[in-house]
Amino acid sequence: MGSFLHLYLPIAGNSVNIAAVTALGGVVGLLSGIFGVGGGFLMTPLLIMMGIPPTVAAASDSNQIVGASTSGTLAHFRLGNVDVKMGLLLLVGGVAGGTLGVQIIKLLRQLGNADFLINVTYVLMLGLIGGYMFMESLQSMRRCKQSDTGEPKTESGYARFIGKLPWQMDFPCSGIRLSVLMPLVLGGLVGILAAIMGVGGGFIMVPVMVYLLRMPMHVVVGTSLFQILFTCVNVTIMQSAQNHTVDFMLALLLLIGSSIGAQVGAVVGKKLPGDRLKILLASLVLVVMGKMLLDLLVQPAVLLAYMGGH
Amino acid sequence: MTRLPNRCRVRMLLWLSLALLAAAPAGAANLDVMPKTVCIGAGYDGAVLKISGTVPAASDVVLRFSGSPADLHLRQKEKVFGLLWMNRSMVTFKNIPGVCLVQSSRLLGEMGPAAAAYGLETWSAGVKFENDHPDAAIDGPRELLRLKMQEGLFRETIGGITFSPPSADGAQAFSADFPVPAALSPGNYRLEAIAFKDGAMCTRLSVPVRAELTGLPAWLSSLAHAHGAIYGVLATAIALVAGLFIGMIFQGRSGAH
């Protein structure tokens, strides 16, 4: 029954088709390169559908994101799209928020409400972010044709508020001036949500950078990948040491596909206008949200599930 | 009089059984399986066990491959606020084998009630379970069967058992190809061959089968479980190097600065 196209995964405890897993990695890597998201919110459910246990799927995905985001960060770094200063501040906030989020989810698991919170957070966050990005990008595309970044140019109440915050700092790579508190606090909030949802948080971080930190879209993508790289290094080591759920063989297969996909994605992303990029990401987020909502509303085929899955 | 330890008594019983088998007529029932150890290496994608044996002539055969029973803890999906399906209460099933594969020479129902008891549906009816939220109880055994069948770890198939012509001593040889799934966990299993004649069980034989990790999967599994932190650092380092390597290949091709 064994064939050269199949590989046995010792931690997942199952065999997979090498071509199918590599192709899956390639598609998600392409999206990662284009949009600057780790792809965890897409990859993990797809791996579960292939028969990988949920805990192993999520942890191994973090491992492959390390490789894919290294490749993607390098590609964006060469194009001058990584704001290292901003990325490091977001990372500090993200690590602190992630640690707090892990404690919150541990407490909720003890109380028995974790699954409910995780599912509802997923649908709300995906719906909110996807819906807002979609509408905003659509309006922006209609409104002005001269800017390819699509940031609002009017001095809003929010802009005045962030301008008054203390410890203002220049971020030359992004061409903005902001309080240090902004990336720290927002990074922390994304970290909490990412820990609750069990993902890298790229799909939350990208809209936060675009709409709340007002960074140009192409710098957002590179900086997001830079920050995700460090987050996933931490998650991979923690998951391996504490839960033994990282399947390196699975991660390596996904990585081969995703690293190549990320490189192609970085080139494709550079050619797409900012608004179109945002509307595509918004559509993707909304499709995933729709699928998750459907799963919540329609009676499942089997009314039992293994512990640890969402 | 000193009592023999349990292990000694089991050994004595085994030797006694073997001696009785040896003293049995030439046409006595027997069972063999190849391989006796399923090696789970890097290329493993399930395996086929070659089963052969002898049963009384004109009998039907049921083959059953199962693992050691253990308690299984699962989450039950329930509707929250009458709208959303969520994993909620915990259900504990008692003495459930991780794998249970049944293959029979013809429909179990046609062999009589004794054989029908070996069917998964009949087996599941006897499964005991506890629900920590009894108000929302579901048909646990049926759902468990659905879950396990969906994973390919429980299976019931008909046919695929070939019989040779009966011999003069009233015995009949049989052989079968018995596939075991890719998701088979390393451990000890038991293959049973049960023969039924005229609606009653006439022979029951069993042989142990072992599944074990070999080669790269064995090495990775032992590293991951015994030295988790080192495994994590290695996995991260290899991913980083692979990402950098692929990044550099693309840099060279695109001729970027």
Side-chain angles (χ1 to χ4, degrees), chain A residues 1-4 6-11 13-15 51 63-64 66-75 78-79 112 115-116 119-120 233 236-244 246-249 251-252 255-256 259-260 263 267 295-307 309-310, chain B residues 40-48 73-80 83-88 90-91 138-140 143-144 146-147 150-151 179 182-183 185 213 216-218 220-221 224-225 228-229 231-236 238-248 250-251 254 256-257:
Chain A
M1 296 256 286
S3 82
F4 72 97
H6 283 91
L7 185 70
Y8 182 78
L9 307 172
I11 309 299
N14 210 339
S15 141
N63 188 193
Q64 81 81 23
V66 170
S69 52
T70 303
S71 160
T73 304
L74 198 69
R78 286 201 302 266
L79 297 167
D115 288 337
F116 182 76
N119 281 305
V120 171
V233 165
T236 302
I237 297 173
M238 295 291 280
Q239 290 279 25
S240 299
Q242 290 181 11
N243 301 326
H244 315 293
V246 173
D247 196 308
F248 172 67
M249 306 274 270
L252 197 64
L255 174 60
I256 293 167
S259 298
I260 297 166
Q263 292 290 332
V267 177
D295 288 347
L296 289 175
L297 293 171
V298 178
Q299 180 171 343
V302 180
L303 295 177
L304 289 172
Y306 286 96
M307 315 282 275
H310 289 171
Chain B
I40 305 176
Y44 176 77
D45 180 35
V48 177
H73 305 284
L74 297 171
R75 285 256 179 229
Q76 179 177 311
K77 288 182 188 285
E78 291 163 31
K79 242 181 184 180
V80 180
L83 186 72
L84 306 171
W85 285 93
M86 298 280 171
N87 293 342
R88 300 247 7 237
M90 198 170 85
V91 190
I138 52 166
D139 186 351
E143 293 299 327
L144 173 71
R146 276 192 192 152
L147 179 73
Q150 204 177 54
E151 293 176 307
S185 303
L213 290 172
L216 186 62
L220 279 175
S221 177
H225 289 101
Y231 175 88
V233 171
L234 272 176
T236 306
I238 295 172
L240 274 168
V241 171
L244 279 172
F245 179 69
I246 294 171
M248 280 191 291
F250 271 79
Q251 184 182 25
S254 62
H257 45 270

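As a basis for the values below, the full set of heavy atoms in this structure was taken, side chains included, without hydrogen atoms, waters or symmetry mates. Order of the sequence lines fixes the chain letters, A, B, ..., with proteins taken first and strands second; residue numbering starts at 1 for each chain.
The line from CG of Leu304(A) to CD of Gln150(B) is 10.5 Å long, rounded to the nearest 0.5 Å. Summarising the geometry, atom NE2 belonging to His6(A) is positioned 9.5 Å from atom CG belonging to Asn14(A); distances are rounded to the nearest 0.5 Å. Here the CG atom belonging to Leu303(A) is positioned 9.5 Å from the CG atom belonging to Asp139(B), to the nearest 0.5 angstrom.
Between Gly67(A) and Leu255(A), the shortest heavy-atom distance links the atoms CA-CD1, 3.1 Å.
With a 4.5 Å cut-off on non-hydrogen atoms, Leu144(B) touches chain A through its backbone and its side chain both. At a 4.5 Å heavy-atom cutoff, the contact between Leu252(A) and chain B is made by side-chain atoms alone. Proximity to chain B is limited to the backbone of Val298(A), based on heavy atoms less than 4.5 angstrom apart. When heavy atoms are compared at a cutoff of 4.5 Å, Ser221(B) approaches chain A by way of both its backbone and its side chain. When heavy atoms are compared at a cutoff of 4.5 Å, Ile260(A) approaches chain B by way of both its backbone and its side chain. Proximity to chain A (any heavy atom under 4.5 Å) is shown, for Val233(B), by both the backbone and the side chain. Interface residue Gln299(A): backbone and side-chain heavy atoms are both found under 4.5 Å from chain B. Proximity to chain A (any heavy atom under 4.5 Å) is restricted, for Leu213(B), to the side chain, taken from C-beta onward.
Annotation: side-chain hydrogen bond (donor to acceptor under 3.5 Å, both in side chains) contacts of Thr236(B) (sequence neighbours excluded): none.
Under the 3.5 Å distance criterion, the side-chain polar atoms of Asn63(A) are left unmatched by any main-chain donor or acceptor of Thr236(A).
Counting heavy-atom pairs under 4.5 Å between each of Pro217(B), Ala242(B), Ala218(B) and chain A puts Pro217(B) at the top.
The one candidate from Gln76(B), Glu143(B), His73(B) that meets the side-chain contact (heavy atoms from CB on, under 4.5 Å) condition with Val91(B) is Gln76(B).
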